[in-house]
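All remarks here apply to the structure that follows.
Counting starts at 1 for both ligands and their atoms, in listed order.
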Amino acid sequence: MSIQTEKVKELVERRASARLGGGEKRIEAQHSKGKLTARERIELLLDPGSFEEFDMFVQHRCVNFGMDASHPDGDGVVTGHGTIDGREVYLFAQDFTVSGGSLSKTMSEKICKVMDMAARNGVPFIGLNDSGGARIQEGIDALAGYGDIFERNILSSGVIPQISGIFGPCAGGAVYSPALTDFTVMVRNTSYMFLTGPAVVKQVTGEEVNQEELGGASVHASKSGVAHFAADSEQEGVDTIKRLLSFLPQNNMETAPLRPTTDPVGRVDDLLNEIIPDNPNKAYDMYGVIRSIVDDGDFFEVHKDFARNIIVGFAHMNGRSVGVVANQPNVLAGVLDINASRKAARFVRFCDAFNIPLVTLVDVPGFLCGTQQEYGAIITNGAKLLYAYGEATVPKVTVTLRKSYGGAHIVMSCKQLRGDINYAWPTANIAVMGAEGAVDVLYAKESPEVREEKIKEYNDLFCNPYQAAQKGYIEDVIEPRNTRFRVIRALETLDGKRQDIPAKKHDNLPL
Ligand code: HXC
């Protein structure tokens with residue numbers, strides 16, 4: 001065997017050994033928990049044969065607590081780049097089979113290297129997390145490693161899409177990297193995120209709770225909103241990441257790819273002319289409207305189980321990627337509360353950062369009132385959504401279907417917040433408040449007959465779209481069945497939109 005052949009053989013063997021991470025036994029243990037390994041996850045995520053790995057032979061430099069006895073190649077994380085549907089991404093996947101995927105200084109250096117490359121090359125970044133947190137033996141070095149990652153998450157925010165997959169433990173300060181990224185996908189029953197685990201919670205507060213109840217996928221997808229998606233399996237988690245990317249541009253200088261469709265632009269839907277119930281207090285399902293107007297009825301919802309009184313997600317309209325924001329009359333009458341405002345505000349800001357036009361469908365009775373909301377700062381949280389729409393410079397097309405009352409009318413992408421094209425259905429009520437509420441304030445002491453008369457007068461005057469149309473606050477009153485092509489035409493005319501905000505160091509969004 002020539003020297004060169006021997007050296008190539010050594011390389012092949014070294015690679016094979018590095019690919020085993022913590023070894024066969026630990027890989028088996030990982031599988032027995034119903035989890036895949038880092039490399040198996042990457043294989044599922046990327047186009048076949050597209051993965052280019054970096055730093056496979058990097059080893060940790062720690063000598064404390066017996067760490068110098070073992071130096072596994074790769075040090076608990078697999079990093080590199082590849083393609084998804086032919087589009088480039090950079091990524092890391094933590095390898096739980098090596099020291100529980102815990103973060104060492106060298107692991108952070110590997111992760112930071114690919115983060116820097118993603119930012120420099122204008123390519124989305126994906127982190128697949130499965131880690132016991134800071135590598136305890138490394139002390140402050142591990143913490144510094146987290147700090148380095150967080151800083152890069154912050155600098156890349158709004159520049160390249162950043163997506164976190166949580167496929168195992170993610171605890172302590174480690175949770176803040178996913179929290180800084182744009183979207184977080186969790187897997188039910190095998191992943192969890194919390195600042196302190198059940199044992200510490202019990203010690204500090206006496207509360208008894210298991211991992212799943214404290215920080216499982218369902219909790220974060222429905223109660224806290226920390227997770228945007230909860231998947232039933234790792235495969236579904238990976239598919240969610242891929243589908244999400246299909247709606248996004250590579251970076252903030254580009255637009256999302258067009259997706260050709262055979263769905264006719266001029267498709268009308270007569271059912272929309274009958275969807276609004278006669279009784280204004282009766283609900284209907286906004287999903288029906290969304291699916292009716294977008295290409296092929298295909299709507300990719302974000303935060304599906306969190307603050308369900310507002311719906312946000314991605315779709316295509318005549319091939320163009322759009323962000324849809326819609327009040328949901330079927331849940332809490334579509335009222336805006338703290339969580340709905342936070343959810344929609346973050347989504348609007350994401351779309352604005354990444355050149356994705358916004359389509360807003362309005363049926364909102366107002367903001368939720370009461371002490372719980374006031375104590376929780378509905379004022380500040382509602383202002384987030386107001387702020388997000390007001391600062392957004394992407395094309396903004398709004399359709400008011402029914403109620404659009406008071407402050408909530410302003411917040412939901414009204415004309416004065418630089419809404420570009422605002423339409424209303426003939427069933428729209430654009431007013432300060434509903435008729436009963438208004439008469440309660442103005443004619444509280446009057447007889448029921450007078451009040452009845454005033455309610456009618458108020459309804460005739462305000463509870464329609466024509467007052468707004470007469471004053472130019474909306475561009476047109478449209479037939480519901482025509483909504484698809486009216487919105488598509490609006491988006492088309494706004495394609496070249498350029499709008500600035502005053503130069504500033506950064507804004508001061510009400511946090
Ligand atoms: C070093 C770690 C580790 C860590 C796990 N391991 N976490 N090694 N540092 N943080 C090692 C274990 O010693 C074990 O090694 C192997 O990984 C697998 O761990 P197990 O405990 O056997 O696995 P499992 O039973 O599945 O439990 C997983 C776990 C548990 C729940 C994550 O390991 C755990 O509680 N780890 C500690 C979590 C933690 O407190 N981390 C620090 C958080 S503070 P061997 O060789 O025995 O197989 C933090 C601060 C970040 O992260 C701050 C950022 C600003």
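Within ligand 1, counting atoms from 1 as listed, the ones closer than 4.0 Å to a heavy atom of G173 are 50 (C), 51 (C), 53 (C), 54 (C). Every atom of ligand 1 is numbered from 1 in the order shown, and the set under 4.0 Å from a heavy atom of R135 is 1 (C), 9 (N). The distance from ligand 1 to the heavy atoms of L143 drops below 4.0 Å at these ligand atoms: 53 (C).
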(message) What verdict does the ring pair (Phe, Tyr, Trp, His ring centres under 6.0 Å) test give for F347 and F314, after you've listed the backbone C-alpha separation in whole Å, the side-chain angles of each residue and the deciding distance to 0.1 Å?
(response) CA-CA 10 Å; F347 183 75; F314 298 103; 5.0 Å; yes
(request) Test side chain to side chain contact (heavy atoms under 4.5 Å, CB included) on R418 and I501 and set out the steps. (result) CA-CA 11 Å; R418 307 195 295 180; I501 49 175; 3.3 Å; yes
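Taking any N or O of K33, backbone or side chain, at least one lies under 3.5 Å from an N or O belonging to ligand 1. Of the polar atoms of R26, at least one N or O is found under 3.5 Å from an N or O of ligand 1, judged by distance alone. Remark: ligand 1 and G132 share an N or O pair separated by less than 3.5 Å (distance only, no angle test). Below 3.5 Å of separation, one finds an N or O of I136 facing an N or O of ligand 1.
Residue, atom and distance of the protein heavy atom nearest to atom 44 (S) of ligand 1 are G172 CA, 4.5 Å. In this structure, the protein non-hydrogen atom closest to atom 11 (C) of ligand 1 is S99 C, 3.7 Å. Ranking the protein heavy atoms by distance from atom 33 (O) of ligand 1 puts F96 CZ, 5.0 Å first. Protein heavy atom at the shortest distance from atom 16 (C) of ligand 1 is G100 N, 3.8 Å. With hydrogens left out, the protein atom closest to atom 3 (C) of ligand 1 is S102 CB, 3.9 Å, a heavy atom. Among protein heavy atoms, atom 1 (C) of ligand 1 sits closest to Q137 OE1, 3.2 Å.
Ring orientation note: the planes of F299 and Y287 are tilted relative to one another, at an angle of 30° to 60°. Note on ring orientation: taking the six-membered ring where Trp is involved, the planes of F350 and F183 are perpendicular (angle over 60°, cut-offs 30° and 60°). Note on ring orientation: taking the six-membered ring where Trp is involved, the planes of H316 and F247 are parallel (angle under 30°, cut-offs 30° and 60°). Aromatic ring pairs are classed by plane angle as parallel below 30°, tilted from 30° to 60° and perpendicular above 60°; the pair Y192 and F194 is parallel.
Distance remark: protein heavy atom present below 4.0 angstrom from atom 9 (N) of ligand 1. For atom 21 (O) of ligand 1, the nearest protein heavy atom lies 4.0 Å or farther away. For atom 53 (C) of ligand 1, the nearest protein heavy atom lies under 4.0 Å away. Protein heavy atoms come within 4.0 Å of atom 26 (O) of ligand 1. For atom 40 (O) of ligand 1, no protein heavy-atom neighbour is found at a distance under 4.0 Å. Distance check on atom 30 (C) of ligand 1: every protein heavy atom falls at or beyond the 4.0 Å cut-off. In this structure, atom 46 (O) of ligand 1 is in close contact with the protein, since a protein heavy atom lies within 4.0 Å of it.
The aromatic ring centroids of F54 and F92 lie 6.0 Å or more from each other.
Considering L248, V394, D182 in turn, D182 is the only one that fulfils the side-chain contact (heavy atoms from CB on, under 4.5 Å) rule with F354. Remark: of the listed residues D73, T106, D75, D73 is the sole one forming a side-chain hydrogen bond (donor to acceptor under 3.5 Å, both in side chains) with Q59.
In the displayed structure, K7 atom NZ is contacted under 6.0 Å by at most 12 heavy atoms of other residues, nucleotides or ligands. Residue Q416 places its CD atom among more than 12 non-hydrogen atoms of other residues, nucleotides or ligands, all under 6.0 Å distant.
One finds no salt bridge joining R291 and D285 here, because no Lys/Arg side-chain nitrogen approaches an Asp/Glu carboxylate oxygen to under 4.0 Å. No salt bridge links E138 with K105; every basic N to acidic carboxylate O contact stays at or beyond 4.0 Å.
Only side-chain heavy atoms of Y192 come within less than 4.0 Å of ligand 1; its backbone N, CA, C and O stay farther off. Within the 4.0 Å heavy-atom criterion, neither part of L103 lies near ligand 1. Under 4.0 angstrom from ligand 1, the non-hydrogen atoms of A134 come from both its backbone and its side chain.
Heavy-atom separations between F150 and ligand 1 include at least one value shorter than 4.0 Å.
Figure legend: cation-pi geometry between K396 and Y389 absent, as NZ or CZ is not positioned both under 6.0 Å from the six-membered ring centre and within 45° of its axis.
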